[in-house]
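For reference, the structure is listed below as structure tokens.
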Amino acid sequence: MKSEGLRHAWKPKVDGIIRELGKTRNALLPCLEAVQQEAGCIPQEAITYLRETIEVPSVDIYGVITFYGMLTTEKQGKYVIRVCDSLPCYLNGSREIIEALEDELGMNGRDTTPDGMFTLERVACLGLCDKAPAMIINEEIHGDLNAEKVRGIIGMKKKEECGWKGYY
Amino acid sequence: MERILLKDVDIPNLCEIDVYIDSGGYKALEKALKMTPKEVIEEVKRSRLVGRGGAAFPTGLKWEFTRKEKDEPKFLVCNADEGEPGTFKDRVLMKNNPHLLVEAMVIGGYAIGANKGVIYIRGEYFEEIGRLNKAIKEAREKGYIGEGILGSGFSYELQVYRGAGAYVCGEESALFESLEGGRGCARERPPFPAQYGFMGKPTAINNVETLCNVPAIINNGGEWYSRIGSPASPGTKFFCLSGHVNKPGVYELPTGITLRELIEEYGGGVKGEFKASLPGGVSSSLVTDTDVKLDYKSVADAGSMLGSGAVIVINSSTSIVDVAKSCIEFFVRESCGQCVPCREGTRRANEILGRFAGGKGKVEDIDLLLELGEVMYDTARCGLGQAAMNATISAIKMFKDEFMGRVES
Ligand SMILES: Cc1cc2nc3c(=O)[nH]c(=O)nc-3n(C[C@H](O)[C@H](O)[C@H](O)COP(=O)(O)O)c2cc1C
Ligand code: SF4
Ligand code: FES
């Protein structure tokens, strides 16, 4: 469980954005993006906080969250894998990549693994078509993929996590 | 052929302002500030530069319309949302030469009479966002942004604004909605951005590549620029070559080179045997003639559109039915859902194409798809819905036998 302080790690960032852009609706999307980045989702407390500080009704805030692919109220995994399935990647074998990811992560139709480590999303073109098929893991770019490479990358991530957990 | 925008990209550390200045950077801004805004616009008009974001509208005219509006304040917005599948050119510019865009944004602001510029960049371009922010900071420190730039009376602020994963936000009016903190739903037009744009104020909105042409036009003159490439739409164009080619990548070439030259001389040839190409991404129609010249008019004459220059190559071992299905899946997901023809039309088309893809198509559904495409083209509010069926319709017209081959017997 994260401590109270960590749970609201988004707050200073949000306050900074509101200071810069003012208490206007224009600050809403940058604030939500900051919360998403810090918390891995948009928690209820953040919606309440934004409703009160920039005076936008909750329904509108939910409307914005549901509209944008990079925002969600559901807790995402530590690693968010965005795999492209648009035409240039499709032509270069994205189907196979997606299958390999689902299999390697044991997704079984879920979006996030039960241990909260990985979220898998199929997304539209990531602007990496010269490296098709491509995906990003958080901010890390992976291109020219094949099934074997994908298994290697996921294997590495899992290994890193095992080693890392040992320090607790 | 000399590259214009990518001329200096091989210089190490071009992202740093001192390196950029040493390679001749910010000279165009200095020159522009000694001209009148009207003269800057005239120079751009003389170049006959047209928008590289998709619609190919003359840039000089767009600036003139915005300048002439009485309402204040005015804004210059750079569209860096780059979401059309197969497009990855603006990324190359922002990653390798962010100061070129910053310089262009200041010149553009001066020309149209805007004291504020906004770069709306797609949220997944993490590295590019960082580089642009750094470039803006450096430019401010050197006095290229801020109060009284280079001793002139012109003041300008520039800001980067991140998108959050919605293709439709690349459509200009949806982009303004997004900038204003809302859902990115396209507005009814007219009024056009020059009258009613960001915050309801006169706004010029330009694509990254379009803007990055401006410093060279100011430095060398519009006349010089207008002699490059195809006379009807001169200059260089960034072609994003992807799909079944041996050397996919971004190639800056004069407009009017043929599809064949692009694929053979630059793209290292087709992986397999050529079947068809989508020259303007999944929003465009298929072309099968590789002699087509890649400029806006020639591609339109061939029944397609050059759009953002996303040239996707498809080889002969690929089923066109599957290509159409992949294209429509994109539009189903990205439709903003506010108008019925697009929201429902893309879903119905997806269902029907799904049946064909699974070998269970019905003969009468072929005509239904064509009709659906016509209705959507005529009645959808924005370009997304209007173009969503282009790939499918052209696929049916050119490769009907492949659809017939997937009809349930
Ligand atoms: C659905 C849709 C998506 C678009 N996406 C982009 C985009 O990502 N980048 C862009 O520059 N223009 C995009 N456009 C075109 C813009 O609406 C607008 O025409 C363009 O930004 C104008 O700039 P330009 O004159 O420099 O081309 C899109 C249009 C539509 C209909
Ligand atoms: S055409 Fe589609 S994307 Fe455009 S406004 Fe209508 S529903 Fe939205
Ligand atoms: S199509 Fe996959 S990155 Fe562009």
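The sequence lines fix the lettering, A, B, ..., with proteins before strands; numbering per chain opens at 1.
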Output for pair (Leu91(A) CG, His244(B) NE2), nearest 0.5 Å, gives 4.5 Å

Only pairs of heavy atoms separated by less than 4.5 Å count here; which of Gly281(B), Cys185(B), Ser242(B), Ala391(B) has the most with chain A? Ser242(B)

Given that the side chain runs from C-beta out, which part of Lys247(B) has a heavy atom under 4.5 Å from chain A: side chain, backbone, both or neither? neither

Glu140(A), part contacting chain B, at a heavy-atom distance under 4.5 Å: neither

Please name the pair of heavy atoms, one in Leu29(A) and one in Ala164(B), separated by the smallest distance, quoted to 0.1 Å. CD1-CB, 4.2 Å

If you round to the nearest 0.5 Å, how far is CZ of Phe330(B) from SG of Cys125(A)? 8.0 Å

Measure across Arg91(B) and Ile141(A) and return the closest heavy-atom pair with its distance rounded to 0.1 Å. NH2-CD1, 3.7 Å

Heavy-atom cut-off 4.5 Å, strictly under: side chain, backbone, both or neither for Ala132(A) against chain B? neither

Against chain A, label Cys240(B) side chain, backbone, both or neither, depending on which of its atoms sit under 4.5 Å from a heavy atom there. neither

Nearest 0.5 Å, what's the CG-OH distance between Asn26(A) and Tyr161(B)? 6.0 Å

Interatomic distance, OH@Tyr90(A) vs OG1@Thr318(B), rounded to 0.5 Å, equals 7.5 Å

Lys89(B) with Asp130(A): basic N within carboxylate O range, under 4.0 Å: no

Distance (rounded to the nearest 0.5 Å) between Leu128(A) CG and Tyr125(B) OH: 7.0 Å

What part of Val245(B) gets closer than 4.5 Å to chain A, counting heavy atoms only: side chain, backbone, both or neither? neither

Within residues 99-113 of chain A, contacts to chain B at heavy-atom distances under 4.5 Å involve none

Assert top hit (heavy-atom pairs under 4.5 Å, partner chain A, pool Gly86(B), Gly249(B), Cys327(B), Ala166(B)) equals Gly86(B)

Is Phe198(B) close to chain A through its backbone or its side chain, or both, or neither, when contacts mean heavy atoms under 4.5 Å? side chain

How about NZ on Lys157(A), more than 12 heavy atoms from neighbouring residues, nucleotides or ligands closer than 6.0 Å, or not? yes

Heavy-atom pairs under 4.5 Å with chain B - which of Ser86(A), Pro88(A), Cys84(A) has more of them than the others? Pro88(A)

Most heavy-atom pairs under 4.5 Å with chain A, out of Gly184(B), Pro248(B), Gly83(B), Gly123(B), belong to Gly184(B)

Crowding at CD, Gln44(A) (>12 non-hydrogen neighbours, <6.0 Å): yes

Heavy-atom cut-off 4.5 Å, strictly under: side chain, backbone, both or neither for Val323(B) against chain A? both

Cut-off 4.5 Å, heavy atoms of chain A, and the answer for Gln159(B) is side chain

Max heavy-atom pairs within cutoff under 4.5 Å with chain B, candidates Cys31(A), Ala27(A), Gly69(A), goes to Gly69(A)

For the atom pair OG1 (Thr66(A)) and CZ (Arg183(B)), what is the distance rounded to the nearest 0.5 Å? 4.5 Å

Need one label for Glu180(B): side chain, backbone, both or neither, based on atoms under 4.5 Å from any heavy atom in chain A. both

Decide yes or no on side-chain contact (heavy atoms from CB on, under 4.5 Å) for Glu124(B) and Met70(A), but give the supporting numbers first. CA-CA 9 Å; Glu124(B) 297 90 343; Met70(A) 293 175 82; 3.8 Å; yes

Name the region of Ile312(B), side chain, backbone, both or neither, that has any atom closer than 4.5 Å to a heavy atom of chain A. side chain

So what's closer than 4.5 Å to chain A heavy atoms on Asp322(B): side chain, backbone, both or neither? both

At a 4.5 Å cut-off on heavy atoms, which part of Leu21(A) comes close to chain B: side chain, backbone, both, or neither? side chain

Please answer whether the main-chain N or O of Pro30(A) pairs with a side-chain N or O of Arg162(B) as donor and acceptor at a distance below 3.5 Å. no

Which answer fits Gln37(A), side chain, backbone, both or neither, if we ask what part of it has an atom under 4.5 Å from a heavy atom of chain B? side chain

Applying a strict 4.5 Å limit to non-hydrogen atoms, the region of Asp144(A) in contact with chain B is neither

For residues Ile136(A) and Phe126(B), report the shortest heavy-atom separation together with the two atoms involved. CD1-CE1, 4.0 Å

Residue selection (most heavy-atom pairs with chain B, distance under 4.5 Å) from Leu28(A), Asn92(A), Leu87(A): Leu87(A)

Between Phe67(A) and Cys336(B) the two heavy atoms that sit nearest each other are CE1-CB, 3.9 Å

Can you say whether Glu33(A) sits under 4.5 Å from chain B via the side chain, the backbone, both, or neither, judging by heavy atoms? side chain

